[in-house]
2 protein chains.
Amino acid sequence: MSLSPNFQPLYKQVYDYMTAKLVRGELKPSEALPSEQALAAELNVSQGTVRKALDLMVSENLLERRQGKGTFVSEFTQESSLFRFFHFREPNGSHLIPDSKIISIKRRACTKAEAKHLSLQAKEKIVELRRVRTLKNKPVIVEKIIQPLSVFPDIDKMDDLPNSLYTLYQEKFAISIVEVREELRAVTVPSDYASYLEIDAGAAVLLVERASVNIDGRIVEWSEAFCKTEDFVYSVNLR
Amino acid sequence: MSLSPNFQPLYKQVYDYMTAKLVRGELKPSEALPSEQALAAELNVSQGTVRKALDLMVSENLLERRQGKGTFVSEFTQESSLFRFFHFREPNGSHLIPDSKIISIKRRACTKAEAKHLSLQAKEKIVELRRVRTLKNKPVIVEKIIQPLSVFPDIDKMDDLPNSLYTLYQEKFAISIVEVREELRAVTVPSDYASYLEIDAGAAVLLVERASVNIDGRIVEWSEAFCKTEDFVYSVNLR
DNA sequence: CAGTGGTCTAGACCACCTT
DNA sequence: AGGTGGTCTAGACCACTGC
């Protein structure tokens with residue numbers, strides 16, 4: 001195997017080469033990579049160059065290193081990274097993942113807004129999934145999730161959807177979410193959602209609009225979540 | 001100069017040594033560091049080890065490299081990093097920093113809650129600053145900012161406070177904010193804030209509680225911001 | 001024990017900036 | 001031309017893992 005001759009630094013070429021393998025699914029989550037020495041020999045570069053490329057991927061959460069064992073493709077579903085994209089927690093600080101219950105699943109043509117957010121053709125088929133999430137038997141979030149059928153074939157025909165959809169995406173659809181983009185607003189709760197959240201009409205809720213980005217850069221999921229933030233807050237740490 | 005003999009990796013010791021210089025103010029924002037070669041000679045390590053330490057600091061936004069010129073202490077006030085901790089923008093995507101107007105400045109003893117958030121002694125003196133921020137002459141945010149006087153001596157006696165407080169902190173008080181921790185909730189607007197935001201009582205607003213962390217790890221500012229999210233949203237990208 | 005990643009070094013050459 | 005950071009290499013030794 002040799003690298004294509006660009007004017008990119010070698011380590012960047014190695015990075016692109018390895019990332020492409022991830023995108024194509026040739027390397028699967030939790031799978032071990034060849035050792036740095038082996039990769040260096042295969043690609044005709046030094047171990048230090050391979051190391052620099054893998055360091056970059058580790059910093060992007062694509063890979064994990066385990067000293068003495070090897071380098072592995074990140075398992076996004078692991079306990080350690082389960083909270084990576086879930087930012088709600090109780091005000092005292094404890095992270096709890098709420099249960100979820102499906103309200104409805106519908107297959108339909110996308111709206112113009114959805115087509116724009118998800119870069120879809122007009123009238124392309126999507127699945128609209130609505131769920132209510134509960135914590136200690138109290139509802140805290142109602143969400144509407146839009147999934148293009150071109151990305152998730154027949155996802156609406158699966159028996160039971162897991163609490164963590166990203167795990168499902170990774171295992172059944174070869175979709176690895178590596179980034180989410182969110183916009184937050186405070187709104188009064190929509191009337192058809194108030195009862196699910198067991199709050200009065202007119203109450204303030206947090207609206208989180210989220211675009212989920214696959215490892216190949218495509219936005220593959222679009223969602224709206226209405227959240228009751230009485231005993232549940234959205235927390236962000238930024239450095 | 002030689003390093004203290006711990007069981008830390010060399011590059012980590014170099015990192016700690018350089019970061020301590022930043023904390024003590026021996027290196028000031030925009031100041032150039034000695035060259036990697038010079039640092040390596042001074043500390044009796046190789047250039048590669050110095051490079052690894054500085055790389056770490058660059059990844060934490062403490063330093064900036066400019067090829068051919070040198071390595072510099074980050075100027076947090078620069079255009080490029082001005083938006084680092086400011087997450088509001090218009091829904092179409094453009095970043096605008098709103099103007100701000102001071103409502104009140106008071107010096108008083110801290111409350112119990114403030115003492116807890118800011119790790120203060122009971123009854124320690126603080127300054128409470130209230131500002132309203134406007135965009136295109138329309139109010140969008142009302143904020144209450146708590147500043148311990150032990151950290152910011154006589155800050156309430158300054159002539160005019162700039163729009164960007166962090167710039168002031170850096171230039172006048174040797175405080176460099178490197179991290180913020182925020183909690184977000186949707187609430188109905190407090191009655192005394194509704195008029196500042198020019199909205200009806202009972203409207204939903206976004207409450208952002210923020211702790212600002214200095215380079216030495218201390219939380220040096222605590223604030224609450226009530227935001228009208230009609231034409232202004234809070235946006236987050238997470239990878 | 002062998003194999004892996006983690007650290008550290010020394011030296012080479014390149015790309016960029018200033019003078 | 002001389003100095004800076006950026007890339008790349010080759011080789012050494014250490015720390016951790018599993019057999």
Side-chain angles (χ1 to χ4, degrees), chain A residues 1-19 21-22 27 30-75 78 80, chain B residues 1-19 21-22 27 30-75 78 80:
Chain A
M1 178 60 229
S2 74
L3 299 161
S4 50
N6 322 4
F7 293 102
Q8 294 268 47
L10 266 182
Y11 78 89
K12 178 67 164 98
Q13 293 179 52
V14 174
Y15 168 89
D16 289 339
Y17 172 75
M18 295 306 294
T19 303
K21 284 209 169 195
L22 282 190
L27 292 168
S30 86
E31 189 176 334
L33 266 60
S35 74
E36 295 181 350
Q37 288 291 2
L39 276 174
E42 178 188 347
L43 302 172
N44 289 308
V45 298
S46 75
Q47 190 202 6
T49 300
V50 169
R51 172 172 288 270
K52 187 158 182 177
L54 299 192
D55 278 346
L56 231 187
M57 297 177 74
V58 168
S59 77
E60 293 176 343
N61 291 307
L62 299 176
L63 302 178
E64 291 172 12
R65 318 188 96 121
R66 291 174 214 155
Q67 181 169 143
K69 300 183 74 174
T71 306
F72 301 79
V73 179
S74 285
E75 181 85 62
Q78 267 186 176
S80 63
Chain B
M1 179 60 230
S2 73
L3 298 162
S4 50
N6 318 356
F7 294 103
Q8 295 269 40
L10 266 184
Y11 77 88
K12 180 67 164 91
Q13 294 180 52
V14 175
Y15 167 90
D16 289 340
Y17 173 75
M18 295 306 294
T19 303
K21 284 209 170 197
L22 282 190
L27 293 168
S30 86
E31 189 176 334
L33 265 62
S35 73
E36 295 181 348
Q37 288 292 2
L39 276 174
E42 179 189 346
L43 302 173
N44 288 308
V45 299
S46 74
Q47 189 202 6
T49 299
V50 170
R51 170 170 291 272
K52 187 157 183 178
L54 299 191
D55 278 346
L56 231 187
M57 297 178 74
V58 168
S59 77
E60 294 175 343
N61 292 306
L62 299 177
L63 301 179
E64 292 172 11
R65 317 187 97 118
R66 292 173 213 156
Q67 181 168 140
K69 300 186 71 176
T71 305
F72 301 79
V73 180
S74 284
E75 181 85 62
Q78 267 184 181
S80 63

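All chains are named by letter (A, B, ...) in the order of the sequence lines, taking the proteins before the strands, and each is independently numbered beginning at 1. Treat the numbers as computed from the prediction; the structure is a model and nothing was measured.
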Could I get the full list of side chain to side chain donor-acceptor pair (under 3.5 Å) partners for [X], not counting sequence neighbours?
| X | answer |
| --- | --- |
| A:Asn61 | none |
| A:Lys69 | none |
| A:Glu31 | none |

Quick one: is [N] close enough that its OP1 or OP2 comes under 4.0 Å of any side-chain N or O from [X]?
| X | N | result |
| --- | --- | --- |
| B:Arg51 | D:dG5 | no |
| A:Arg65 | C:dG6 | yes |
| B:Ser35 | D:dG3 | no |

**Request:** Spell out protein contact along nucleotides 8-18 of chain C as letters: B when the base is contacted, S when just the sugar-phosphate is, - when no protein heavy atom is under 4.0 Å; keep the 5' to 3' order.
**Result:** SB-----BBSS
**Request:** With sequence neighbours excluded, tell me which residues meet salt bridge (Lys or Arg N to Asp or Glu O under 4.0 Å) with A:Lys21.
**Result:** none
**Asked** Residues in salt bridge (Lys or Arg N to Asp or Glu O under 4.0 Å) with A:Arg51, at least two apart?
**Response** A:Glu36
**Prompt:** Tell me: CG of B:Asp55 to P of D:dG5, nearest whole Å?
**Reply:** 12 Å
**Message:** Without decimals, in angstroms, what is the distance between B:Gln37 CD and D:dG6 P?
**Reply:** 13 Å
**Message:** For a 4.5 angstrom cut-off between non-hydrogen side-chain atoms, does A:Leu62 reach A:Met18?
**Reply:** no
